[in-house]
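Can you keep this structure in mind? I'll have questions shortly.
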Amino acid sequence: MASVPKPSSEAARQAFYQRMDRDNLAPLWEVLHALVPPQPHSPCKPGYWNYQAIRPYIMESGLAITAREAVRRVLILENPGMRGQSCITRSLYCGLQLILPGEIAPSHRHTQSALRFIVEGSGAYTAVNGERTVMHPGDFIITPAWTWHDHGNPEGGEPVVWMDGLDIPILALFDAQFAENYPEETQPVTACEGTSRARYGSNLAPLDPVAPFGKTSPIFSYPYGRSREALAALAKNGDPDPCHGWKMQFTNPLSGGPAMPTIGAFIQLLPQGFRSMPYRSTDATIYSVAEGAGNARIGDETFSFGPKDTFVAPSWLPLQLDAMEECVLFSYSDRSAQQALGLWRERRG
Ligand code: 1HN
């Protein structure tokens, strides 16, 4: 009768591992628990950037290098638990980009998708596939994957700073990155400003349904005025959600789904004195404060935030928001990607 073999000694095991190691083999049982944790276990930590404290570095970058030489003059917001990895969460990149009057950031395209949330200043533009849109604080702007894009700030204007959010680590995970430069510094303007909004963002759509940017929204600029007006109207009716206040997702009008296939973007209003019920979800989320001040409790850390500040809540750590004043928060996460793959979970309370 076959009997269960006697386990080898620890020393014999180690010798066994060393022998197989030479053939690029490793025993699963030594790493199984770490590979399949009972709940998210991330190197991503809560993080907070006070805009008034970091603004001098952003402005100093304007003296250190031109936008042309830098290609993109950006200070990366690195997650404190993942320094040196150019990411704010495991799946997303975040930076603050400066463009000074008279500067251009040259045209290129890449398979990474980008979003912009305008933090300070007006009058700079971004161009996407031949159409320019002028930036104002609070505007949400998309650069769909593989679209030519360049930025500029006309002479005589003011410095403009925006938050860039990109899905760089997602493309890196899949090794699906491609990039190329446009043959000239700026792409030609082929459509007047507002064309995309007229065509797709006016509760109208062309009769022949074409999605110019595939799964990404054909509207590449969502002005703050419109988002703010919608939030104000919602707040006049009904009660805020206990976890989110009045929170809305930026959508792709052709699909009704999220504006970008990998990144979800949101805007929410918290009335003055609102204290949210703790909330956790599997999408680590980056917040930019458009208006107001309050406290964000993330896990066991608490940050006091004000206008233009950034904070990040990792996957599955409870987030609780306290609004000392009426607040408007922009946020983005990889929720679109997780939902498309059936991975996303949330827990209220
Ligand atoms: C990029 O193309 C932009 O177009 C900003 O403004 C930040 C970070 C990494 C790679 C490409 C932009 C970027 C980027």
Side-chain angles (χ1 to χ4, degrees), residues 49 54 57-58 61-62 64-79 82-101 103-137 139-153 159-187 189 213 216-217 220-222 259-260 262-263 265 286 288 310 312 330 332 334:
W49 292 263
I54 63 171
Y57 296 123
I58 298 169
S61 73
I65 194 163
T66 62
R68 190 176 268 114
E69 192 190 347
V71 182
R72 298 295 185 262
R73 189 206 285 116
V74 184
L75 298 188
I76 304 171
L77 276 56
E78 292 199 328
N79 188 280
M82 295 182 283
R83 294 303 314 277
Q85 296 178 40
S86 304
C87 61
I88 190 159
T89 69
R90 291 264 276 173
S91 59
L92 295 169
Y93 159 100
C94 182
L96 288 169
Q97 179 159 178
L98 169 69
I99 189 155
L100 295 171
E103 288 194 312
I104 59 153
S107 196
H108 66 193
R109 65 177 178 177
H110 37 70
T111 49
Q112 293 85 355
S113 297
L115 64 79
R116 332 276 172 196
F117 183 70
I118 315 311
V119 171
E120 171 182 340
S122 284
Y125 67 82
T126 190
V128 170
N129 268 15
E131 184 179 336
R132 288 183 178 178
T133 188
V134 175
M135 300 172 166
H136 303 281
D139 292 353
F140 166 61
I141 292 171
I142 294 175
T143 306
W146 208 240
T147 53
W148 296 113
H149 58 284
D150 46 80
H151 320 299
N153 193 349
V160 175
V161 178
W162 64 81
M163 171 187 274
D164 287 313
L166 285 91
D167 54 7
I168 291 171
I170 299 179
L171 277 279
L173 171 69
F174 292 120
D175 282 334
Q177 315 99 317
F178 294 88
E180 61 189 27
N181 291 324
Y182 194 74
E184 276 131 67
E185 272 200 323
T186 53
Q187 60 180 305
V189 175
F213 307 137
T216 301
S217 172
F220 65 99
S221 172
Y222 297 72
M260 313 175 82
T262 48
I263 311 180
I286 302 98
S288 179
T310 306
V312 57
F330 169 81
Y332 72 97
D334 63 14

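In listed order, ligands and their atoms are each counted from 1.
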In this structure, does ligand 1 have an atom that sits under 4.0 Å from one of the heavy atoms of Gln112? no
Assess the residue pair Val161 and Gln97 against the criterion (side-chain contact (heavy atoms from CB on, under 4.5 Å)); give the C-alpha distance rounded to whole Å, side-chain angles, the decisive distance to 0.1 Å, and a yes or no. CA-CA 5 Å; Val161 178; Gln97 179 159 178; over 6 Å; no
Looking only at protein heavy atoms, which one is nearest to atom 14 (C) of ligand 1, and how far off is it?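 Checked against all protein heavy atoms, atom 14 (C) of ligand 1 sits closest to Leu166 CD2, 3.9 Å.
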At less than 4.0 angstrom from any non-hydrogen atom of Arg116, what atoms of ligand 1 do you find?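 Near Arg116, meaning under 4.0 Å from one of its heavy atoms, ligand 1 has 3 (C), 4 (O), 5 (C), 6 (O), 12 (C).
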Geometric class of the Phe140/Tyr222 ring pair [parallel <30°, tilted 30-60°, perpendicular >60°]: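 Because their plane-to-plane angle lies in the 30° to 60° range, the rings of Tyr222 and Phe140 count as tilted.
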Within a distance under 4.0 Å of any heavy atom of His151, pick out the atoms of ligand 1 and give their elements.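 Here the atoms of ligand 1 in question are 4 (O), 6 (O), 12 (C).
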Give the residue, atom name and distance (to 0.1 Å) of the protein heavy atom nearest atom 11 (C) of ligand 1.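 Here the closest protein heavy atom is His110 NE2, 3.8 Å.
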In this structure, are over 12 heavy atoms from other groups packed under 6.0 Å from Arg73 atom CZ? yes
Nearest protein heavy atom with distance in Å, relative to atom 10 (C) of ligand 1: Ile168 CD1, 3.9 Å
At what distance is the nearest protein heavy atom to atom 12 (C) of ligand 1, and which residue and atom is it? Arg72 NE, 2.8 Å
What is the nearest protein non-hydrogen atom to atom 5 (C) of ligand 1, stated with its residue, atom name and distance?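 Atom 5 (C) of ligand 1 sits closest to the protein heavy atom Asp164 OD2, 3.4 Å.
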When you check the gap from the basic side-chain N to the acidic O, do Glu180 and Arg109 get nearer than 4.0 Å?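 Yes.
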When only distance counts, is Tyr93 in polar contact with ligand 1, meaning an N/O pair under 3.5 Å? no
Please round to the nearest 0.5 Å and tell me the distance separating atom CG of Leu115 and atom CH2 of Trp162.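 The CH2 atom of Trp162 is 12.5 Å from CG of Leu115, to the nearest 0.5 Å.
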As a test of understanding, state which of Asn181, Asp150, Thr186 forms a side-chain hydrogen bond (donor to acceptor under 3.5 Å, both in side chains) with Ser107.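 Exactly one option meets the side-chain hydrogen bond (donor to acceptor under 3.5 Å, both in side chains) with Ser107, and it is Asp150.
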Can you tell me how the ring of Phe117 sits relative to the ring of Phe330, calling it parallel under 30°, perpendicular over 60° and tilted otherwise?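 Parallel, since the angle between the ring planes stays under 30°.
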Backbone or side-chain N or O of Trp162 under 3.5 Å from ligand 1 N or O: no
Quick one: does Val189's side chain get under 4.5 Å of Glu131's, heavy atoms only? no
One finds that the ligand 1 atoms under 4.0 Å from a non-hydrogen atom of His149 are 2 (O), 4 (O)
